[in-house]
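None of these values were measured; they are calculated from a predicted model.
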Amino acid sequence: MGRVPFVVRCTVQGCPDPARYKIAAEWSDGTTKELKTYGLACEKHLESLFQRSRDKLRGCRTAEGESLSAPGIFRIEEGRRDRELVRLPELEARFD
């Protein structure tokens with residue numbers, strides 16, 4: 001019996017398209033490091049979700065010892081964990 005692929009969908013309400021990008025910021029408490037997810041985007045909703053993530057960052061507060069980077073765009077690739085995702089700064093620059 002074959003493995004049924006899991007399709008990650010865009011997080012915009014009502015969008016049926018598969019997500020191609022993860023919008024996330026690198027967060028750390030000094031010991032643990034992970035990506036804080038702001039959204040999963042298809043091509044059509046990438047710019048709006050990326051801009052929304054930047055707006056949300058302005059409202060974030062960190063505790064002593066915590067760090068939170070600016071949101072970035074990462075390519076979603078099947079079978080890869082967060083720490084293996086490739087950040088796409090050239091794509092981010094298109095939305096500056």
Side-chain angles (χ1 to χ4, degrees):
M1 186 168 173
R3 185 175 145 237
V4 177
F6 178 77
V7 178
V8 177
R9 301 274 177 214
C10 179
T11 54
V12 170
Q13 186 173 351
C15 182
D17 296 336
R20 300 286 181 231
Y21 304 99
K22 179 174 194 153
I23 300 166
E26 295 171 349
W27 170 88
S28 178
D29 64 1
T31 304
T32 305
K33 192 175 187 181
E34 63 184 44
L35 288 178
K36 174 182 173 33
T37 303
Y38 286 94
L40 304 170
C42 65
E43 294 284 343
K44 181 173 39 184
H45 293 113
L46 177 60
E47 182 173 7
S48 63
L49 284 175
F50 186 54
Q51 295 298 347
R52 190 178 311 160
S53 73
R54 289 175 164 179
D55 293 341
K56 283 185 176 184
L57 177 67
R58 288 192 261 292
C60 287
R61 303 289 178 251
T62 55
E64 187 174 328
E66 284 185 314
S67 63
L68 182 63
S69 72
I73 299 172
F74 298 81
R75 184 181 321 280
I76 293 175
E77 295 182 50
E78 186 178 344
R80 290 192 181 241
R81 299 175 105 31
D82 277 359
R83 63 183 164 271
E84 300 171 317
L85 297 180
V86 176
R87 189 168 181 168
L88 305 170
E90 69 284 353
L91 188 54
E92 296 167 21
R94 288 183 19 202
F95 305 123
D96 282 336

- Minimum-distance pair of heavy atoms, taken over all atoms of Lys22 and Ile76: N-CG1, 3.7 Å
- Item | Side chains of Pro18 and Arg9 in contact at under 4.5 Å (non-hydrogen atoms) | yes
- Note on the structure: d(Arg54 CZ, Glu92 CD) to nearest 0.5 Å is 7.5 Å
- Task: Please report the closest heavy-atom contact between Phe50 and Ile23, naming both atoms and the distance.
- Result: N-CD1, 3.4 Å
- Note on the structure: Interatomic distance, CD1@Ile73 vs CG@Leu91, rounded to 0.5 Å, equals 4.0 Å
- Indicate the atoms forming the closest heavy-atom contact of Ala25 with Tyr38, along with that distance. CB-CE1, 3.7 Å
- Query: Short question: side chain of Thr11, backbone of Leu40 - any donor-acceptor pair under 3.5 Å?
  - Reply: yes
- Message: Any side-chain to backbone donor/acceptor pair from Gln51 onto Phe95? Under 3.5 Å, distance only.
- Response: yes
- Message: Looking at every non-hydrogen atom in both residues, tell me the closest pair between Arg75 and Leu85 and how far apart they are.
- Response: O-CD2, 3.3 Å
- Item | Min side-chain heavy-atom separation Glu77-Val86 under 4.5 Å | yes
- Task: Mind checking the CD-CG spacing from Glu26 to Leu35? Nearest 0.5 Å is all I need.
- Result: 6.0 Å
- Note on the structure: Between the CZ atom in Arg87 and the OG atom in Ser69, the distance rounded to the nearest 0.5 Å is 5.5 Å
- Message: Taking Lys33 first and then Asp82, would you say they form a salt bridge - that is, a charged N and a carboxylate O separated by under 4.0 Å?
- Response: no
- Message: Test your reading of the model: is there a side-chain donor-acceptor pair from Thr37 to the backbone of Gly39, 3.5 Å cut-off?
- Response: no
- Task: Give a yes or no on whether the backbone of His45 and the side-chain of Ser48 come within a donor-acceptor separation of less than 3.5 Å.
- Result: yes
- Does a side-chain N-to-carboxylate-O contact under 4.0 Å join Arg94 and Glu47? no
- With the side chain counted from C-beta on, respond yes when Leu88 and Tyr21 share a heavy-atom pair under 4.5 Å apart, and no when they do not. yes
- Message: If I compare all heavy atoms of Arg58 with all of Arg61, which pair ends up nearest, and what's the gap?
- Response: O-NH1, 3.3 Å
- Task: Grab the two heavy atoms, one from Thr31 and one from Asp29, that are nearest each other, plus how far apart they are.
- Result: N-OD1, 2.9 Å
- The reported gap from CD in Glu43 to CG in Leu46 (rounded to nearest 0.5 angstrom) is 7.0 Å
